[in-house]
Number of protein chains: 2
Amino acid sequence: MESNMKIGELAKRTGFSTKAIRYYELLRLLPEPDRTESGYRMYSQKDVERLEFIEKAKRLGFSLDDIRDILILNEQQEQPCVHVLALLDQKLKQVDDVLRDLKAFRKELARLRKESAEQLERLPADAAICGIVERGVHARGEAALAWLEFRQPGKRGRD
Amino acid sequence: MESNMKIGELAKRTGFSTKAIRYYELLRLLPEPDRTESGYRMYSQKDVERLEFIEKAKRLGFSLDDIRDILILNEQQEQPCVHVLALLDQKLKQVDDVLRDLKAFRKELARLRKESAEQLERLPADAAICGIVERGVHARGEAALAWLEFRQPGKRGRD
DNA sequence: CTTGACCTTCTATTCGACTGGAAGGTGTAA
DNA sequence: TTACACCTTCCAGTCGAATAGAAGGTCAAG
């Protein structure tokens with residue numbers, strides 16, 4: 001695989017910035033590239049593919065650290081399978097949690113929006129002051145604090 | 001509403017750290033609390049509720065800035081209606097976008113996991129080396145680089 | 001009156017994933 | 001030769017959401 005492009009070309013082909021590419025090298029997501037006599041980094045198609053992989057993995061929500069581990073495991077042909085599988089499971093769980101919350105959230109938001117819009121409509125056209133807040137929210141007692149009824153197990157830090 | 005707890009108590013009741021509580025005050029998510037003669041912050045049930053609201057809103061993906069705006073608009077009873085309605089619409093749209101992406105992502109993750117697990121199973125029990133990577137991935141051509149077929153509209157920075 | 005828990009303010013640091021800019025070398029075309 | 005794009009290294013800064021720690025004040029129990 002011959003190294004035939006400079007960093008700018010690699011950047012153009014992959015959509016990453018040259019800064020990001022150098023940064024990935026620093027983090028060992030990319031191997032140290034060949035250099036020209038004058039010190040320019042030279043890259044090959046392999047690097048394009050590696051960056052494309054990185055992009056996909058990023059989009060799947062893996063951190064650069066995760067990605068580096070996967071890539072390095074893969075390189076070394078140690079057994080990344082189990083590791084990767086566990087990582088995937090973990091990600092799936094995270095995604096499911098977020099999805100669950102987000103759906104409940106959406107529902108709540110939609111309800112709120114609907115109520116607000118209705119309250120806004122019921123106002124005389126010349127009303128200069130806000131109906132949602134003046135009526136809507138006050139009518140509900142504890143202002144915005146009552147907006148979101150949203151149960152959940154919670155974890156958070158101590159002092 | 002009498003202010004009858006110090007910051008540590010408020011922290012205990014809400015699960016936020018005292019540091020975080022002071023930080024929220026700085027960002028004006030919390031009003032300036034009453035103080036004892038000696039300068040200790042004193043809080044009331046209202047603050048507990050406000051922090052609970054903040055927690056919910058945080059979990060709903062609002063930034064602290066968003067949350068501050070909502071809280072302050074609500075407090076001032078200036079005419080936040082239209083503004084709030086717009087905010088709500090904007091959030092709804094964001095949430096829908098995220099939901100859409102996240103569902104696609106989940107599907108992709110699940111597929112990947114399933115394939116990986118199957119490949120892992122098909123290996124001889126004594127195989128010391130990784131099936132996903134060695135076969136799965138190698139069979140698919142370009143190592144891990146082919147793992148994730150995941151189309152997507154992309155945006156990213158230039159150099 | 002001292003210990004210890006709790007509080008105050010202040011400034012600094014963390015994390016992840018970069019980006020920005022300075023100062024200077026390289027390579028090519030006019 | 002000069003302009004210009006592109007490359008190099010190195011150091012600093014950004015963002016959001018806090019956390020860490022230093023130096024010191026307060027308050028109740030023993």
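Sequence lines set the chain letters: A, B, ... in the order given, protein chains first and strands last, and positions in each chain run from 1.
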Nucleotide [N], atom [atom2] - distance to [atom1] of [X] in whole Å:
{"X": "A/R41", "N": "C/dG25", "atom1": "CZ", "atom2": "C1'", "value": "14 Å"}
{"X": "B/L27", "N": "D/dA17", "atom1": "CG", "atom2": "C1'", "value": "8 Å"}
{"X": "A/D66", "N": "C/dA17", "atom1": "CG", "atom2": "P", "value": "9 Å"}
{"X": "A/M42", "N": "C/dT26", "atom1": "CE", "atom2": "P", "value": "16 Å"}
{"X": "A/E25", "N": "C/dC18", "atom1": "CD", "atom2": "C1'", "value": "15 Å"}
{"X": "B/R22", "N": "C/dT9", "atom1": "CZ", "atom2": "C1'", "value": "9 Å"}
{"X": "B/K6", "N": "D/dT26", "atom1": "NZ", "atom2": "P", "value": "13 Å"}
{"X": "B/K58", "N": "D/dA17", "atom1": "NZ", "atom2": "P", "value": "7 Å"}

On a heavy-atom basis, which atom in [X] and which in [Y] lie closest, and how many Å separate them?
{"X": "A/T18", "Y": "A/G8", "value": "CG2-CA, 4.0 Å"}
{"X": "B/K6", "Y": "B/Y40", "value": "CD-CD2, 3.4 Å"}
{"X": "A/D34", "Y": "A/S3", "value": "OD2-OG, 2.8 Å"}
{"X": "B/P31", "Y": "B/R50", "value": "CD-NE, 3.8 Å"}

| task | Say whether, by atom type as modelled, one donor and one acceptor occur between the side chain of B/R68 and the main chain of B/Y24 under 3.5 angstrom. | result | no
| query | Under the 3.5 angstrom rule, does the side chain of B/D69 hit a backbone N or O of B/D66 as a donor-acceptor pair? | reply | no
| Looking at five pairs on each end of the helix from C/dC1-D/dG30 to C/dA30-D/dT1, what is the angle between the two axes, given to 10 degrees? | 30°
For the side chain of [X] and the base of [N], is some donor closer than 3.5 Å to an acceptor across the two?
{"X": "B/Y23", "N": "D/dG16", "value": "no"}
{"X": "B/K19", "N": "D/dG21", "value": "yes"}
{"X": "B/Y40", "N": "D/dG25", "value": "yes"}

Considering only heavy atoms from C-beta outward, does the side chain of [X] approach that of [Y] to under 4.5 Å?
{"X": "A/E55", "Y": "A/F16", "result": "yes"}
{"X": "B/R41", "Y": "B/L10", "result": "no"}
{"X": "A/Q45", "Y": "A/R13", "result": "yes"}

| query | Contact class for A/I7 (heavy atom, under 4.0 Å): base, sugar-phosphate, or nothing? | reply | sugar-phosphate
| note | Taking for B/D65 and for A/Y43 the nucleotide of DNA chain D with the nearest heavy atom, the one nearer the 5' end belongs to A/Y43
| remark: In numerical order, the residues of residues 30-38 of chain B whose heavy atoms come under 4.0 Å of DNA chain D are B/S38
